[in-house]
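Below is one structure, written out as structure tokens, with a few remarks after it.
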Amino acid sequence: MSIQLYNTLTRKKEKFIPIEEGKVKMYVCGPTVYNYIHIGNARPVIAFDTVRRYLEYRGYEVNYVSNFTDVDDKIIKAANELNEEVGELTNRFIEAYFEDVGALGCEKATAHPRVTEHIGDIVQFIQLLIEKGYAYESNGDVYFHTREFDGYGKLSHQSIDELKVGARIEENAIKSDPLDFALWKAAKEGEISWDSPWGKGRPGWHIECSVMARELLGDTIDIHAGGQDLTFPHHENEIAQSEAATGKTFANYWMHNGYINIDNEKMSKSLGNFILVHDIRKQIDPQVLRFFMLSVHYRHPVNFAQDLVENAANGLERIRTAYHNVQHRLSMSADLAEDPQSWLDRIDEQITSFENAMDDDFNTANAIAAIFELAKQANVYLLEKNTDRQVLERFLEAFDQLMGVLGLPFESVDELVDEEVDALIQERLDARKNRDFARADEIRDQLKAKGIVLEDTAQGTRWKRG
RNA sequence: GGCGGCAUAGCCAAGCGGUAAGGCACGGGUCUGCAACACCCUUACCACCGGUUCGAUUCCGGUUGCCGCCUCCA
């Protein structure tokens, strides 16, 4: 089966066909770095990191680009307030971004371009738009003439006239049409700026993505992704700029993730009800956060609430326990069992349903269901008196593979080795053998107080942090 | 005003023409010295009203209720 993905441009699920066979050019809009990212910012990063991992799992070579907006009004404002250089501030938050997103299991992109590294390219791109008659200079600013671009509105499915009726667009004497948007903004006194043919200034917001995507991926890319709210105007404007400049399709597939709500209310920096990843990951296992977000389809809203996250934590724990129990069994016995084949087949069935789910517009909710089913099968298998080494290994391999695609690797065994704990467990085993249950329970309670939970199995006692 | 989304068990969440995946929680069993882990069993007339169809949770129309975009925002 082939991968189907929902394309905002056509509002349909489409078969994914890359421009170049076996390769994917993907661009994901990244954050404006003037603060730590909130969990809403983290959603697209997690969602599209998962998309990327699955594409790679499917054998594609993915060239994944995600930018940093490291100069804009909010950054300048924040830098002024903190009495810090713009560059210092953005470096600080870019570093924090990598820490936060890394904790959430997201791989680094192939490239993380920054706006300030591409000013020259941006200036050239704007010049090209002016030459082609799509942009004009006014008072040191440069604007894109929206009405000159025929396809304007095709992504958000808005007609240009309706947009005007919508009417919350600011009137501005400098623009010749209220729908026009800035490509270049003239610098105010004392602001960070770069020289340009139109005087000192800096790039507008939308132009950076058009330019950096083109520089790093070419005129036409396969997948362009970002949060739902970027559809209009950001992505619409990117299309206008890029296609006006190159005369080619900018991106074949547009993917947009849904929001995170808090108590069913939209979370955003402007509303102020946001949860910073920097803070929350100290309280909640970041893998749980990732698992929680992936338990809902990426296009649907996720409601963030304490009890729902705990719910997800319990579910993840079930999968981890199954995995570690298989590992434990493998380390404790080397039984041989009859007919491993039917079990190997069952494992393959779950891998297939996982793949089917992911092929269907990256349906991680269903993919997770397949992993739960795998866990169930593993638990049932562990009930057998005799197990086959090959089957146990295959279970682990499948768990590793599937959870790996979701960016949720299992803790390695090494981290679970502790001599002191082992000694206590041995002492408890002896106590139980001598029917000294008081001592046995005492040890169990003692370990529990240290956050270590014991599980007695037919093959011995295993422990975990809980 | 324009564009769009959602409404499925106590909670979360898939499915989207052939009488409902999965998880969490609850209850009943089994396992256990007791527990933990686990296993088995139990739990839904898919917001409402019409229509199309042999058959609709799934398609069409309408109603109600939430939500989003059209403005910086993931």
Side-chain angles (χ1 to χ4, degrees), chain A residues 8 11 28-32 37-48 69 72-74 77 153 156-159 161-170 179 205 225-234 236 256-261 264-271 274 291-292 295-297 299-303 305 307-319 321-322 324-325 328 353 357 360 363-373 375-376 378-383 431-432 435-438 440-441 444-445 448 453-458 461-464 466:
Chain A
T8 306
R11 288 181 176 165
V28 180
C29 287
T32 300
I37 59 163
H38 61 235
I39 56 173
N41 294 308
R43 166 109 108 141
V45 186
I46 290 171
F48 299 118
T69 299
D72 98 315
D73 290 341
K74 282 171 293 188
K77 190 169 164 237
S156 53
H157 301 91
Q158 299 270 353
S159 88
D161 297 312
E162 299 295 353
L163 283 170
K164 206 170 177 187
V165 174
R168 278 191 291 176
I169 299 157
E170 67 175 291
L179 285 174
W205 174 38
Q228 225 157 51
D229 51 343
L230 294 183
T231 308
F232 190 92
H234 187 53
E236 196 71 71
H256 294 97
N257 64 274
Y259 297 108
I260 285 187
N261 295 142
N264 292 310
E265 200 179 46
K266 180 184 168 180
M267 173 176 70
S268 71
K269 287 183 182 176
S270 33
L271 282 177
F274 53 86
F291 182 78
F292 171 66
S295 68
V296 179
H297 185 93
R299 281 190 285 121
H300 293 176
V302 166
N303 193 30
D307 55 331
L308 299 181
V309 174
E310 277 167 22
N311 182 328
N314 291 340
L316 214 212
E317 192 52 33
R318 175 178 167 78
I319 294 167
T321 301
H324 289 124
N325 282 341
H328 183 256
S353 44
D360 182 17
N363 193 327
T364 50
N366 278 340
I368 287 171
I371 295 174
F372 274 120
E373 196 51 47
K376 166 68 69 80
N379 286 331
V380 169
Y381 189 61
L382 291 177
L383 255 27
R432 288 179 71 207
R435 305 192 65 78
D436 179 2
F437 297 125
D441 290 350
R444 188 168 66 197
D445 291 344
K448 194 175 181 187
V453 178
L454 299 184
E455 286 172 18
D456 295 326
T457 75
T461 300
R462 67 168 285 265
W463 62 274
K464 64 175 183 179

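None of the values given here were measured: they were computed from a predicted structure. Chain letters run A, B, ... following the sequence lines, proteins first, then strands; residues in each count from 1.
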Subject >> Counterpart base for C6(B), defined by Watson-Crick or G-U wobble contacts under 3.5 Å >> reply: G65(B)

Original post:
Looking across every strand, which nucleic acid part, if any, lies under 4.0 Å from Gly40(A) by heavy atom: base, sugar-phosphate, or nothing?
Top reply: base

Original post:
Watson-Crick or G-U wobble partner for U57(B), using a 3.5 Å limit on both distances?
Top reply: none

Subject >> Whole-angstrom distance between A47(B) and U64(B), as gauged at atom C1' >> reply: 8 Å

Original post:
What is the distance from atom CG of Asp229(A) to atom OG1 of Thr231(A), rounded to the nearest 0.5 Å?
Top reply: 7.5 Å

Original post:
Hey, does Lys448(A) reach any base, or is it just sugar-phosphate, or nothing, if we go heavy atoms under 4.0 Å?
Top reply: nothing

Original post:
What nucleotide among C39(B), A74(B), A36(B) has an atom nearest to a side-chain atom of Glu455(A)?
Top reply: A36(B)

**OP:** May I have the distance from Ile371(A) (atom CD1) to C24(B) (atom P), rounded to whole angstrom?
**Re:** 14 Å

**OP:** Write down the distance separating the C1' atoms in C60(B) and A25(B), rounded off to the nearest Å.
**Re:** 39 Å

**OP:** Nearest 0.5 Å please: distance from the CG atom of Asn257(A) over to the NE2 atom of His297(A).
**Re:** 10.0 Å

Original post:
What integer distance in Å separates Phe437(A):CZ from A36(B):P?
Top reply: 16 Å

Original post:
Of Glu317(A) and Val296(A), whose nearest nucleotide on RNA chain B comes first from the 5' end?
Top reply: Val296(A)

Original post:
With sugar-phosphate meaning primed atoms plus P, OP1 and OP2, does Thr321(A) contact a base, only sugar-phosphate, or nothing at under 4.0 Å between heavy atoms?
Top reply: sugar-phosphate

**OP:** For nucleotides C39(B) and G23(B), find the distance between their P atoms and express it as a whole number of Å.
**Re:** 9 Å

Original post:
Do Gln158(A) side-chain atoms and Gly153(A) backbone N/O form a donor-acceptor pair below 3.5 Å?
Top reply: no

**OP:** When you get a sec, tell me which of A74(B), C40(B), C34(B) is the closest nucleotide to the side chain of Pro44(A)?
**Re:** A74(B)

**OP:** Report the residue (Asp307(A) or His234(A)) whose heavy-atom-nearest nucleotide on RNA chain B is the more 5′ of the two.
**Re:** Asp307(A)

Original post:
What is the distance from atom CZ of Arg432(A) to atom CZ of Phe437(A), rounded to the nearest 0.5 Å?
Top reply: 7.0 Å

Subject >> CA sep, side-chain torsions, deciding dist, call: His157(A), Glu162(A), side chain to side chain contact (heavy atoms under 4.5 Å, CB included) >> reply: CA-CA 10 Å; His157(A) 301 91; Glu162(A) 299 295 353; over 6 Å; no

**OP:** Describe the nucleic acid contact of Gly30(A) in one word from base, sugar-phosphate, nothing, applying a heavy-atom distance below 4.0 Å.
**Re:** nothing

Subject >> Nearest to side-chain heavy atoms of Arg432(A), which nucleotide of A74(B), C69(B), C34(B) >> reply: C34(B)

**OP:** Provide the distance between the two C1' atoms, one in G51(B) and one in A56(B), to the nearest whole Å.
**Re:** 12 Å

Subject >> Assigned partner base of A38(B), Watson-Crick or wobble definition, under 3.5 Å >> reply: U30(B)

Original post:
Does Lys266(A) put a side-chain nitrogen or oxygen below 4.0 Å from OP1 or OP2 of A74(B)?
Top reply: no

Original post:
OP1 or OP2 of A74(B) sitting under 4.0 Å from any side-chain N/O of Asn41(A)?
Top reply: yes

Original post:
Does the base of G33(B) carry an N or O that pairs as donor and acceptor with the side chain of Asp441(A) under 3.5 Å?
Top reply: yes

Subject >> Residue His297(A), side-chain heavy atoms: nucleotide from A14(B), G33(B), C40(B) that is nearest >> reply: A14(B)

Original post:
When we call it a touch if two heavy atoms are under 4.0 Å apart, what does Asn325(A) touch: a base, just sugar-phosphate, or nothing?
Top reply: sugar-phosphate

Original post:
OP1, OP2 of A25(B) versus side-chain N and O of Asn314(A): anything below 4.0 Å?
Top reply: yes

**OP:** Heavy atoms under 4.0 Å is the rule here; annotate nucleotides 3-10 of chain B 5' to 3' with B where the base is hit, S where only the sugar-phosphate is, and - elsewhere.
**Re:** SS------

Original post:
Ring-on-base stacking between Phe372(A) and G22(B), under 5.5 Å between centres and under 30° between planes: is it there?
Top reply: no

Original post:
What's the CG-P distance between Asn303(A) and G68(B), to the nearest Å?
Top reply: 12 Å

Original post:
With a 3.5 Å cut-off and no angle check, do the side chains of Asn41(A) and His38(A) form a donor-acceptor pair?
Top reply: yes

**OP:** Check every strand shown and say whether Leu382(A) touches a base, only sugar-phosphate, or nothing at a heavy-atom separation below 4.0 Å.
**Re:** nothing

**OP:** Kindly point out which of A14(B), C69(B), C34(B) is positioned nearest to the side chain of Arg444(A)?
**Re:** C34(B)

Original post:
Paired with G1(B) by Watson-Crick or G-U wobble geometry, both distances under 3.5 Å: which nucleotide is it?
Top reply: C70(B)

Original post:
Salt bridge or not for Asp445(A) and Lys448(A), using N-O below 4.0 Å?
Top reply: no

Original post:
Hey, does the side chain of Arg318(A) come within less than 4.0 Å of C39(B)'s phosphate (OP1/OP2), counting only N and O?
Top reply: yes

Original post:
From the list A74(B), G15(B), C34(B), which nucleotide is the closest neighbour of the side chain of Asn363(A)?
Top reply: G15(B)

Subject >> Interatomic spacing from OG1 in Thr321(A) to NE2 in His328(A) - rounded to 0.5 Å >> reply: 13.0 Å

Subject >> Integer-rounded Å distance: A74(B) C1' and Met267(A) CE >> reply: 8 Å

Original post:
Across all strands, who's sitting opposite A44(B) as a Watson-Crick or G-U wobble pair, both distances under 3.5 Å?
Top reply: none

Subject >> Approximate separation, where rounding is to 0.5 Å, of Ile39(A) CD1 and Phe274(A) CZ >> reply: 11.5 Å

Original post:
Using the C1' atom in both, what is the distance from A38(B) to C31(B), to the nearest Å?
Top reply: 8 Å

**OP:** Starting from P on G33(B), measure out to CG on Asp456(A) and report it in whole angstrom.
**Re:** 9 Å

**OP:** Taking atom C1' in both U57(B) and A9(B), compute the distance separating them and give it to the nearest angstrom.
**Re:** 14 Å

**OP:** For the side chain of Leu383(A), starting at C-beta, report the closest nucleotide among A38(B), A13(B), C37(B).
**Re:** A38(B)

Subject >> Test item: Asp360(A) side-chain N/O and Asn363(A) main-chain N/O as donor-acceptor pair under 3.5 Å >> reply: no

Subject >> Interatomic distance at C1', C69(B) relative to G15(B), whole Å >> reply: 27 Å

Subject >> Distance, rounded to the nearest Å, where Lys74(A) contributes NZ and C72(B) contributes C1' >> reply: 5 Å

Subject >> Nearest-0.5 Å distance, CD of residue Glu310(A) to CZ of residue Phe292(A) >> reply: 11.0 Å

Original post:
Rounded to whole angstroms, how far apart are CZ on Arg435(A) and C1' on A35(B)?
Top reply: 15 Å

Subject >> P spacing across the pair G4(B) / G18(B), given as an integer number of angstrom >> reply: 27 Å

Subject >> Length of the line joining Leu230(A):CG and G68(B):P, which is rounded to integer Å >> reply: 16 Å

Original post:
For C39(B), does either OP1 or OP2 sit under 4.0 Å from a side-chain N or O belonging to Asn379(A)?
Top reply: yes

